[in-house]
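As structure tokens, the structure follows; a few thoughts come after it.
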Amino acid sequence: MRSDKPRIYLAGPDVFRVDSDTHGAHLIQLCAAHGVTGVYPADNDMVAGINAMLRAGQPPSEVARAIFRANADRLRTCDAVLANIDPFRSPGADNGTAWEMGMAYGLGLPVFAYASDLRTTREKISNWHCAPFSVQDGITRDRDGMMVEDFGEVDNLMLTCSVVGERVHPDFLSALRAAAAHLA
């Protein structure tokens, strides 16, 4: 059932945390305190459904498709997306989070992002590769010879330029405040 409060989809790798349920509940409480409804992708209903499918012996591919459909459907019920784009298992944002940001942008929803790691993409890639860059014909390249995106952005420009104001916030609360004000 839809409330009168704006709904914000909380994208990010937080769903993989060992304390995901507690963390998600905390984020939802913070959203409520700012006059919006937080929609956490791995809430209790989602987790219960996944566990039931696994207990029933459903193949992992079916479980994956159910998670995909449920989260895409949830995102469609929201008025905005607030995404954690801290590096996750790579020098950049979580792949699923990036996809959710793209879907939201495509649906015309405002996207807000935050990252505690505000180093540039170049700095993150340099640290990730642990190898010096080379410059060939004025283009910075990584150890594999691939061009290094060097626009001073916190992540890939397709993500950072899709957020409201093209500004990545330094933390969840800052991004939440901006989203709540935008939706008010």
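Reckoned from all heavy atoms, side chains included, excluding hydrogens, waters and symmetry mates.
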Intermediate values then yes/no, side-chain contact (heavy atoms from CB on, under 4.5 Å), F172 and F112
CA-CA 10 Å; F172 178 82; F112 298 84; over 6 Å; no

I'd like to know if the side chain of [X] and the backbone of [Y] have a donor-acceptor N/O pair within less than 3.5 Å.
X: K124; Y: V154; answer: yes
X: D155; Y: G92; answer: no
X: K5; Y: G38; answer: no
X: E62; Y: P59; answer: no
X: D94; Y: G12; answer: no
X: R7; Y: T77; answer: yes

Please test Y40 against S20 for side-chain hydrogen bond (donor to acceptor under 3.5 Å, both in side chains), starting from the C-alpha separation and ending with a verdict.
CA-CA 10 Å; Y40 191 65; S20 175; 2.9 Å; yes

Run the salt-bridge test on R122 and D150 with the 4.0 Å N-O cut-off and return the result as yes or no.
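Looking at R122 and D150, the cut-off is met.
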
Are Y114 and S174 close enough, and set up right, to give a side-chain contact (heavy atoms from CB on, under 4.5 Å), and what steps lead you there?
CA-CA 8 Å; Y114 65 97; S174 175; over 6 Å; no

Over-ring placement of R89 relative to F16, 6.0 Å and 45° cut-offs:
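Yes, R89 and F16 form such a contact.
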
Report the C-alpha separation of L173 and R177 in whole Å, then their side-chain angles, then the decisive distance to 0.1 Å, and conclude whether the side-chain contact (heavy atoms from CB on, under 4.5 Å) test is met.
CA-CA 6 Å; L173 277 176; R177 287 184 192 110; 3.8 Å; yes

Surrounding [atom1] of [X] (heavy atoms of other residues, nucleotides or ligands, distance under 6.0 Å), is the total greater than 12?
X: H26; atom1: NE2; result: no
X: R141; atom1: CZ; result: yes
X: Y105; atom1: OH; result: no
X: D171; atom1: CG; result: yes

Rounded to the nearest 0.5 Å, what separation is found between the [atom1] atom of [X] and the [atom2] atom of [Y]?
X: D21; Y: D19; atom1: CG; atom2: CG; answer: 7.5 Å
X: N84; Y: T97; atom1: CG; atom2: OG1; answer: 7.0 Å
X: M101; Y: L159; atom1: CE; atom2: CG; answer: 4.5 Å
X: D73; Y: C78; atom1: CG; atom2: SG; answer: 11.0 Å
X: L27; Y: D14; atom1: CG; atom2: CG; answer: 6.0 Å
X: N156; Y: T121; atom1: CG; atom2: OG1; answer: 7.0 Å

Identify whether [X] and [Y] are in the same connected component of the hydrophobic contact network (ILVMFWY, side-chain heavy atoms under 4.5 Å).
X: L10; Y: F88; answer: yes
X: V148; Y: W128; answer: no
X: V163; Y: F151; answer: no
X: I85; Y: L118; answer: yes
X: V39; Y: V36; answer: no

What are the two closest heavy atoms between [X] and [Y], and how far apart are they?
X: M103; Y: A72; value: CE-O, 3.6 Å
X: P87; Y: S90; value: CB-O, 3.4 Å
X: A179; Y: I8; value: CB-CD1, 3.8 Å
X: V111; Y: A104; value: CG2-CB, 3.8 Å
X: A113; Y: A175; value: O-CB, 4.0 Å

Going through the distances and angles, do T120 and E123 end up as a side-chain hydrogen bond (donor to acceptor under 3.5 Å, both in side chains)?
CA-CA 5 Å; T120 66; E123 292 167 322; 3.3 Å; yes

With heavy-atom distances below 4.5 Å as the criterion, would you say the side chains of H182 and V164 are in contact?
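Yes. Closest side-chain heavy atoms under 4.5 Å.
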
Is there a side-chain contact (heavy atoms from CB on, under 4.5 Å) between L75 and L109? Walk through the geometry before answering.
CA-CA 10 Å; L75 198 151; L109 300 177; 3.9 Å; yes

